Protein chains: 2
Amino acid sequence: MQDAREQVPRVTLAQVADRAGVSLKTASRALGGEQYVSHETLTKVLAAANALGYRRNAAASLLASGHLVESIGLIAGDFTNPFYSALAQSVEDDIRQQGMHLSVATSWESAEQERRIVDDLASRQTKALVVVSAMSDHADYAQVQARGVPVVFVDRPAVNLDADSVVFDNRMGGRLAAQHLLDLGHTRIAFVGDYAWLPTYRERLEGMAAVLDGATSSWRELLRDDAHDVASSRARTRELLALPDPPTAIVAGNNRILLGVLEELSATGPDDAPAVIGIDEPEWARVMGITTVAGDVEAVGHHAARLAVSRLGDRTRPVEHVVLPMRLTPRRSTARHGSDSAPLRAE
Amino acid sequence: MQDAREQVPRVTLAQVADRAGVSLKTASRALGGEQYVSHETLTKVLAAANALGYRRNAAASLLASGHLVESIGLIAGDFTNPFYSALAQSVEDDIRQQGMHLSVATSWESAEQERRIVDDLASRQTKALVVVSAMSDHADYAQVQARGVPVVFVDRPAVNLDADSVVFDNRMGGRLAAQHLLDLGHTRIAFVGDYAWLPTYRERLEGMAAVLDGATSSWRELLRDDAHDVASSRARTRELLALPDPPTAIVAGNNRILLGVLEELSATGPDDAPAVIGIDEPEWARVMGITTVAGDVEAVGHHAARLAVSRLGDRTRPVEHVVLPMRLTPRRSTARHGSDSAPLRAE
DNA sequence: ATGAAAGCGCTAACAA
DNA sequence: TTGTTAGCGCTTTCAT
């Protein structure tokens, strides 16, 4: 199938015009859907184009007409994660209003894949990049910027690079979660987190530490990380529940992890299920009665779009770092003990 | 902010080269990150570019280098809906492997918005279109095809147009749901559906009718449609529950609707909560124990990508219509009465 | 309703 | 390491 594309030495408008026996411009008019083409010529040209398998060269068309490509690229983990798809949606909303397109690409949290995509996107088509980066150092992005492509870092700040960024106040998030549980009287508080190299992970942890280090000694034993998907989160949760003295509360580091924790709890089905707090606000948290700590993802998208576009217009403006607050929404997954507190019942 | 972009009369490479006191090509090399540029020149050029606010014209660059833009466009309702984001992800996977980009755009289920997007995408940048169409007639898409842009219709078939399509066997879905409930002894079966004009809605309904029309007379009174979002779905559900003789089972026409139904049930919290079946398979259905009827969304994406790309290579191949099966996954939301059947407990 | 010529802004060869 | 010269494939005038 790829062969099919490569064998064909790219039919041009000139060839179509030739075959149809008309001028270049006439063929252009016909294919472009302009007016002032007789029905007869139209038919001829369309037939010729079809026979030759003609396809307009977008670059040439754009160039000649003076239109700008104006598309911005979004690179994120994967769009199956509602956090990323919500982000994509809000960036798209903004970007399209400005008459630009949004190209999406998935890094699957791989730094190499990210680098490949950035090269591909930035070096040619894309005017600006919004990226949830899987890299731990961003010095290389300086080249991208030097080539005139602004980069906005989202959810995770840029390291060793001067660039716009939009992130949540993750320390605040960690603090809120920990404090809420502490207030409820929990002392055995577990945290199941994403990859340990993630700045979001670290900051959330720091926030929890700020609250818990003085209050309870055990929590660091109840720390689990590297739970980037549902399966690994379930495994970590299983471990925790199997402990001689299992946690009475679990904080799930993001929505994927939360899903894993809940699946495991629902499968295990202990009657004394631990309290649960999820970081992120997936759409199902409300029905499931899960207490969450989250920021406004839409706002992130809007800020990112705004920063990307504004830098397109003014390259000299100083770098901006937007930090958005997180807030806690209490629900029944952390309701007081004695009341109906189990988030789920067993199968 | 838009002004910022329009005021600037588009700086060209030539101007940058001028200002840096080098040749056009040297400037090109510097900005392009090629080798064979002295550090000194590089600095000069970068400074000039920066001062002028230069940004490379992607179209010109692409054209000159002979590279193809090769991006395909996906138009769907909105990517906040997990059905669409899963679709986007699987199309992106395939498309990127072929060295192409995926551009996404949201119609918000508006035919006019869709038309605008199609014009925008198809007439210039995009090589092929994958669309979940909000239109009820697709004759106009013939122009798009005539201009050499293949269109693949996904989830909803093309009307009055010869085009590739990938859809689910929605009648089968309706039948499966209805039969399952009938087998469980339900007679008051409600259906809360999406917009009535949607082919998916109609077909699912037809499937249910095929099973229920002979078996129970009441079900058509328990039919509600036009529930495209969570709020309207909640409203329809509330209506149904308020009926003198409320349904003992509810089929939710898609994942948004399902969420609404569940939210309403959870808020209302009747102890004799109705059985629930959701059409679609959102990631949270398993934890919540919701019986679902769904097809393989990833497969849809893969087929769509395959069809789009293959038609790029062979325009003469006959149109293909892929119909994918749906299957039912029984969970506790339709567990037999007497056992622990409530899908949720009240707040 | 159709055609001829002149570029769009950039990069690939080639030369220096 | 840098500069010169041709175009890339298409759309725009401006004719006719």
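Lettering follows sequence order; numbering is per chain, from 1. It should be emphasised that the depicted structure is a prediction, and the values quoted were computed from it without experimental measurement.
Of the N and O atoms on the side chains of B:Ser107 and B:Ser110, not one donor lies less than 3.5 Å from an acceptor on the other residue.
Although no hydrogens or angles enter the test, the distance criterion places no donor-acceptor pair under 3.5 Å between the side chain of B:Thr106 and the main chain of B:Gly77. Judged purely by atom type and a 3.5 angstrom limit, A:Asp155 has no side-chain atom pairing as donor or acceptor with the backbone of A:Val132.
Listed candidates were C:dC10, D:dT12, C:dT11. Nearest to the side chain of B:Ser65 is C:dT11. Ranking D:dG9, C:dG3, C:dT2 by closeness to the A:Ser38 side chain, first place goes to C:dT2. For B:Lys25, counting side-chain heavy atoms from C-beta on, the closest listed nucleotide (C:dA13, D:dC10, C:dG9) is C:dA13.
In this structure, B:Ser28 reaches the C:dT11 phosphate: one of its side-chain N or O atoms is under 4.0 Å from OP1 or OP2. OP1 or OP2 of C:dG3 has at least one side-chain nitrogen or oxygen of A:Ser23 nearer than 4.0 Å. Not one side-chain nitrogen or oxygen of A:Thr12 sits closer than 4.0 Å to the OP1 or OP2 atom of D:dG9. At the phosphate of D:dG3, OP1 or OP2 sits under 4.0 Å from a side-chain N or O atom of B:Thr26.
In this structure the side chain of A:Val154 never reaches within 4.5 angstrom of the side chain of A:Val167, judged on heavy atoms.
For the pair A:Arg29 CZ and C:dA1 C1', the computed distance is 7 Å after rounding to whole Å. For B:Asn57 and C:dC10, the CG to P distance is 6 Å, given to the nearest whole Å. C:dG3 atom P lies 17 Å from atom OH of A:Tyr36, rounded to whole Å. Distance CG (B:Leu62) to P (C:dG9): 16 Å, rounded to an integer number of Å. Atom P of nucleotide D:dT1 and atom CG of B:Leu42 are separated by 12 Å, given to the nearest angstrom. Computed from coordinates, the A:Leu24 CG to C:dA1 P distance equals 20 Å when rounded to whole Å. For the pair B:Gln15 CD and C:dC10 C1', the computed distance is 14 Å after rounding to whole Å. Atom CG of B:Leu63 is separated from atom C1' of C:dG9 by 9 Å (rounded to the nearest Å).
Contact annotation: side chain of B:Arg55 to base of C:dG9, donor-acceptor pair absent below 3.5 Å.
The pair B:Arg156-B:Glu109 meets the salt-bridge criterion, with a side-chain N (NZ, NE, NH1 or NH2) lying under 4.0 Å from an Asp/Glu carboxylate O.
Ranked by how close their nearest DNA chain D nucleotide is to the 5' end, B:Thr41 and A:Ser61 are led by B:Thr41.
When heavy atoms are screened at a 4.0 angstrom cut-off, A:Arg56 is found touching the sugar-phosphate backbone but no base atom.
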